[in-house]
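Okay, so here's the structure we're looking at.
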Amino acid sequence: MGMSEDRDPSPLDPAYVPAQMPSRSTRVREFLAALLSFLRRLPWRKLAIFAVSLFLFILAIYTMKEGAKGLSPLVRNKLKVDNPINSLGFGWIFAYVVMSGSPVAAVALTFFTTGIVDQLGAFTMITGSRLGASFIVLFIGFLYVLRGKDRASSLSMGLLSLSVTGSTYLVASFIGVGILSSKALDGIQLKSGALVSSVVEIIFDPILSFLSGILPEVLLFLVGLGIVIFSLNLFDKALPQMAIKGSQVGRVSRLVYRPWVMFLLGAAITLISMSVSVSLSILVPLSNRGFIRRENVIPYIMGANITTFIDTLIASVLLNNPQAFTVVLVEMISISIVSVILLMTFFHRFERSMLDFVEWITASNRNLLIFMASILIVPVILMLL
Amino acid sequence: MRILIATDGSPHSDLAMKFSVKLLECTGGEIAILTVLRQREPDSMAEVIFNRASGFLTPERSYGVRNLLRKGNSSNEIVREANEGDYDLVVLGWTPVSGYLRLLRPTVERVIDRTTCSVLIVKSNGTPIERILICDSGAQEKPLLVRFKQHLSDLFNCNPNISVLHVMSQISAGPGSIGWQLNAGAEELIQAHTPEGDLLERDIEMMEKLQLHPQPIIRHGFVVEEILAEARKGDYDLVVIGAHRGSGSLDMLLDDIAHQIVNHIDRTILVVK
């Protein structure tokens, strides 16, 4: 009796041979092969860039903290940055100079940690840094205008970013000052914050000791500032390619999304990019013509303005200063409150007024000049108060 | 054409009846007049409502008229009859709702969301349909005019003046984009074969097969605002829009432009499914 070729052998058949379980060594080999395949697919170059940028960011924070002590005479006595209002102006102008908000926000925290500014001063300096941060988008658009490109299409996004940021932060700053003064959030802290900073200090103390041995404090601060700017630029190169273009949300140039969807999208993308200008620049390749629907852009900017503080929050943890953490938390919460209230109530009126304002600015060179003059003069006036 | 008219004897329902009668003069077809009473209301109320509605019918014409009475929730019963009765069109009068009552979702909105056929919301007196504004977003897989032609092409029997509107609410996402398109007119965009121009050209070709010659219009601004502005400017008798793309993830992601237009427009509007 033999097995039929047409049917599987029954277990009752004497010739039946049960399938064997793979041996332990085979299972280990299969696991290693899968692991190797996974490791090969990882973007090692981007991960390396991310690791280096993170290392440099942390180094920069500690370097600036160490060097900030030497800046006290300059900042407090010469520049007279000694109250929340002139701190606002200082942060604003400083962000213009470095063309970015995040380094200035990190500086604000180091100044606070070293006693150069108080808690309210740090808060308003960070607010000022957000107002000045939008300038980079505007500046790039301005270069296009000088090259003869259409004023409206070159400047709209920058102007919109600045207008939305300015108007929401203006209101949020009052709320934030109120929350800070009430000390309602002082108890909310990261439990592992001290542990993280102590572990990090072990790694970076030797480097810091070396640098402070060879550089004066002011130069140390400037080196730290340079490193933080470089590290944030490097971090942008480590960002994963945004895969949203092919998805439902990738049609922001054609479809009108719910304001909440765009708000959360702006917050989510900026949680990864940590930069509003990078999050805005991502919108350009989403349409091969570089368009976005009016209805989609403002809630996107509003969401981005909240999670852009993530790197500043990390900096506050590294500085091991609970009150600095509170300052950043209050910034995030106050702008969130304003944004949510706006989205739930008179959002369309706000949207309309922002776009009307931008249209007014781009309507003529005269209006553009008035606007540019005011965003340069106002922070200077604030600094003089 | 099979039309279902929902009426409750109110002045708004009277407008819906008058408009439907005018519509039937162009399209021909059958009417079903549906009244939904609450459970406790006597059936005799329905007879009063039917008689009032029938008073708007032109005696000289013969219509296929059916009177239907249902009891229960008005939106549920309208939707049930519309979906089971194989109608081409549901006609409703518009009852303005304001303030916090909007949170309760008016009957019109629920009917638009749940019926499978197109819904006509009558807001103005029953003027003849001489000017129609068709608002095509171009965003849906099945073009608006294709859906319109499938079930509602009889509306064109009156040879109305037709305009096809597309609203470009885009702005530049960054410097270096093709700025001129954001201010261009319909003819420029059609000649340049931009996506918006191609959309209008496709719509024009479709209409020309029906011996109609629509005027293409492009407006730049917020979608809802520009549609309302164009409707007022052109003094259209009927505005046609597509229904909200409402299923699954798209329903959650996309803003419901159709409801916003229905709520704010001051003239009769047709929501095409």
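Side-chain atoms are counted along with the backbone in the values below, which use heavy atoms only and exclude waters and symmetry mates. Lettering follows sequence order; numbering is per chain, from 1. Note that the structure is a prediction, hence the values are computed from the model and not measured.
Only the side chain of A/Leu355 comes within less than 4.5 Å of a heavy atom in chain B; its backbone stays farther off. Contact of A/Leu283 with chain B is made through backbone and side chain together, with heavy-atom distances under 4.5 Å. For A/Leu160, the part lying under 4.5 angstrom from a heavy atom of chain B is the side chain only. B/Glu196 touches chain A through its side chain: at least one heavy atom from C-beta onward sits under 4.5 Å away, while N, CA, C and O do not. Heavy atoms closer than 4.5 Å to chain B are found in both the backbone and the side chain of A/Val256.
Contacts classified as salt bridge (charged side-chain N to carboxylate O under 4.0 Å, His left out) and involving residues 267-285 of chain A (residues at least two apart or in different chains) are not found.
Rounded to the nearest 0.5 Å, atoms CZ (A/Arg258) and CG (B/Leu253) are 8.5 Å apart. Interatomic distance, B/Asn183 CG to A/Asp150 CG, rounded to the nearest 0.5 Å: 6.5 Å.
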From CA spacing to verdict: side-chain contact (heavy atoms from CB on, under 4.5 Å), A/Tyr257, B/Asp255: CA-CA 5 Å; A/Tyr257 291 92; B/Asp255 206 3; over 6 Å; no
Step-by-step side-chain contact (heavy atoms from CB on, under 4.5 Å) determination, A/Glu295 to B/Val224: CA-CA 10 Å; A/Glu295 295 89 344; B/Val224 174; over 6 Å; no
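More than 12 heavy atoms of other shown residues, nucleotides or ligands fall within 6.0 angstrom of atom NZ in B/Lys123. At most 12 non-hydrogen atoms from other residues, nucleotides or ligands lie less than 6.0 angstrom from NZ of A/Lys237.
For residues 346-353 of chain A, the interface with chain B (any heavy-atom pair closer than 4.5 Å) comprises A/His348, A/Glu351, A/Arg352, sorted by residue number. Residues of residues 162-174 of chain B lying within less than 4.5 angstrom of chain A, judged on heavy atoms, are B/His166, B/Val167, B/Met168, B/Ser169, B/Gln170, B/Ile171, B/Ser172, B/Ala173, B/Gly174 in numerical order.
Salt-bridge annotation for A/Arg294 and B/Glu226: absent, with no side-chain N of the basic residue lying under 4.0 Å from a carboxylate O of the acidic one.
Contact record, A/Arg254 with B/Gly138: NH1-O, 4.2 Å, taken as the closest heavy-atom pair.
For B/Ala192, the side-chain contact (heavy atoms from CB on, under 4.5 Å) partners at least two apart in sequence or on another chain are B/Trp180, B/Thr194.
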